[in-house]
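Beneath this line is the structure, given in structure tokens, with notes to follow.
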Amino acid sequence: MAEAAKFFEETSEPANFFEKKSQIENFVAKHNEESTPVVLVTSGGTTVPLEGNTVRYIDNFSIGTRGSASAEYFLEHGYAVLFLHRQRSLQPFTRHLPQSHLLDILEVKGDNEGPTLCVKQESTSKLLNIIQKYHAVQQEGRLLMIEFTTLVDYLHLLRASSLILSTLGKKASLYLAAAVSDFYIPKNKMPQHKIQSSNGPLQLSLELVPKMLEALVKNWVSSAFVVSFKLETDPNLLTVKAQQSLEKYEHQLVIGNILDTRKYEVVFVTNSDIDWIKLDDKDIQNGVEIESKIVKNIVERHRQFCCE
Ligand code: PMT
């Protein structure tokens, strides 16, 4: 935990940090007053810059499907959602409208004198449904979206959000679906300017990022319901690593997933059980998203946790 504290001392807060913090404080205070359960959903990958004036950075595969879909299902279950997401990754509601598809669902009607822009008949009901849900959530002020790009920005915002959420006690829940880098280059070991190829092949030395889950669970937001994710590529490691994570950090739930199958199956690991959640063929045919099942299950567990 001392390592986590050192990390924050040695790194800078992101741009507009105080503005973002105050947005989060207002959001949490409003929902505390209204007794709405609040979930922090983290989503997307974190970047690790190689230069101070960043031209190049290391990134990962995550585009935020898990986080953005889950945020929508938490909203459906009546939660207020603090959505901490990677800039330009998928977001709730707009994720259904990929840019490449947007122009295909629109058409121009009427003549050149008075053309009107319309949504094509076949897309109307889907779009209407999304827009109605989005506007209802906006009106109720139940979705706050906060962006990050780098690993350092993400961790500063995660700590600030967790500390603010701690005022809610058990009513707060954290759903840590972002794909967080384990390696980074500290500022004092990073060149300020663009690395020159004329200097020959590039050798990088990355340092370990302290695991923040320990500080999060023990110091930042100790009464909340905390769900972390464990990502592996080797199926033989998944359950064991998820169990180890649970034992080490002593939070409520680890959801294990394998990179290739993450959209179809996940494993819930708690102190008392190991439960697989899977989509069957019928679910897949009907367009069911695994996040709808994950979130339904978590909402029930969080409800029980609040009653304990
Ligand atoms: O965005 P998608 O394409 O839909 O993909 C979703 C997902 C696969 C990214 C998601 O389901 C997922 O598994 N997210 C967690 C990925 C991850 O960071 O796994 P990990 O095994 O490296 O870390 C385990 C946990 O430690 C994570 O909850 C992470 O928040 C936490 N961590 C990681 C690094 C760090 N320095 N400190 C941490 O506390």
Side-chain angles (χ1 to χ4, degrees), residues 1 3-8 11 40-48 58-73 83-92 95 148 150-159 161-162 173-186 206-221 225-235 237-269 277 289-295 298:
M1 262 181 311
E3 284 177 350
K6 190 164 168 266
F7 179 92
F8 288 107
T11 54
L40 167 68
V41 175
T42 70
S43 184
T46 56
T47 66
V48 171
I58 300 172
D59 204 349
N60 65 47
F61 68 94
S62 169
I63 55 161
T65 308
R66 175 83 81 227
S68 58
S70 303
E72 276 180 33
Y73 292 111
F83 187 64
L84 182 55
H85 67 286
R86 162 77 180 275
Q87 190 182 40
R88 290 195 285 273
S89 64
L90 293 178
Q91 297 178 9
R95 76 188 174 102
F148 64 83
T150 67
L151 167 83
V152 170
D153 291 358
Y154 167 75
L155 291 177
H156 276 273
L157 288 164
L158 176 67
R159 181 175 66 157
S161 305
S162 304
S173 172
L174 286 85
Y175 183 87
L176 306 172
V180 184
S181 176
D182 283 317
F183 309 100
Y184 81 125
I185 304 178
L206 303 178
E207 296 195 5
L208 266 184
V209 179
K211 277 281 178 192
M212 296 297 172
L213 262 176
E214 188 176 6
L216 183 145
V217 173
K218 303 211 166 107
N219 290 350
W220 303 345
V221 60
F225 187 79
V226 178
V227 180
S228 73
F229 280 78
K230 184 82 217 146
L231 175 69
E232 292 297 338
T233 54
D234 178 352
L237 289 181
L238 185 64
T239 324
V240 177
K241 297 283 270 189
Q243 280 171 318
Q244 282 171 356
S245 171
L246 197 70
E247 269 163 35
K248 186 160 182 199
Y249 304 118
E250 298 178 351
H251 54 303
Q252 284 65 41
L253 171 66
V254 179
I255 302 181
N257 51 179
I258 293 291
L259 186 64
D260 288 345
T261 55
R262 68 190 190 280
K263 296 198 173 154
Y264 310 104
E265 58 180 33
V266 297
V267 61
F268 275 45
V269 178
I277 292 192
E289 293 179 305
I290 195 159
E291 289 77 12
S292 65
K293 297 190 178 211
I294 297 175
V295 170
I298 289 177

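Counting starts at 1 for both ligands and their atoms, following the listed order. Because the structure is predicted, anything quoted here is derived from the model rather than measured.
- Near I63, the atoms of ligand 1 lying under 4.0 angstrom from a non-hydrogen atom of the residue are 1 (O), 3 (O).
- At the top of the distance list for atom 22 (O) of ligand 1, counting protein heavy atoms only, stands D182 OD2, 3.7 Å.
- In terms of polar-atom proximity, L213 is counted as a contact of ligand 1, with an N or O under 3.5 Å from an N or O of the ligand.
- Nearest-residue assignment for atom 20 (P) of ligand 1 (options E291, K230, R66; heavy-atom criterion): K230.
- Looking at I290, N257, V226, it is N257 that brings a heavy atom closest to atom 13 (O) of ligand 1.
- A donor-acceptor distance shorter than 3.5 angstrom exists from the side chain of T42 to the backbone of A177, with no hydrogens or angles considered.
- Looking only at protein heavy atoms, the nearest one to atom 17 (C) of ligand 1 is A178 O, 4.1 Å.
- Around atom 10 (C) of ligand 1, the closest heavy atom drawn from P210, S245, S70, A177 belongs to A177.
- Looking only at protein heavy atoms, the nearest one to atom 26 (O) of ligand 1 is K211 NZ, 3.4 Å.
- Distances between N or O atoms of G64 and those of ligand 1 include at least one value under 3.5 Å.
- Close approach of ligand 1 to T65 (heavy-atom distance below 4.0 Å) involves ligand atoms 1 (O), 2 (P), 4 (O).
- Of all atoms in ligand 1, listed by their number and element, those nearer than 4.0 Å to a heavy atom of V209 are 36 (N).
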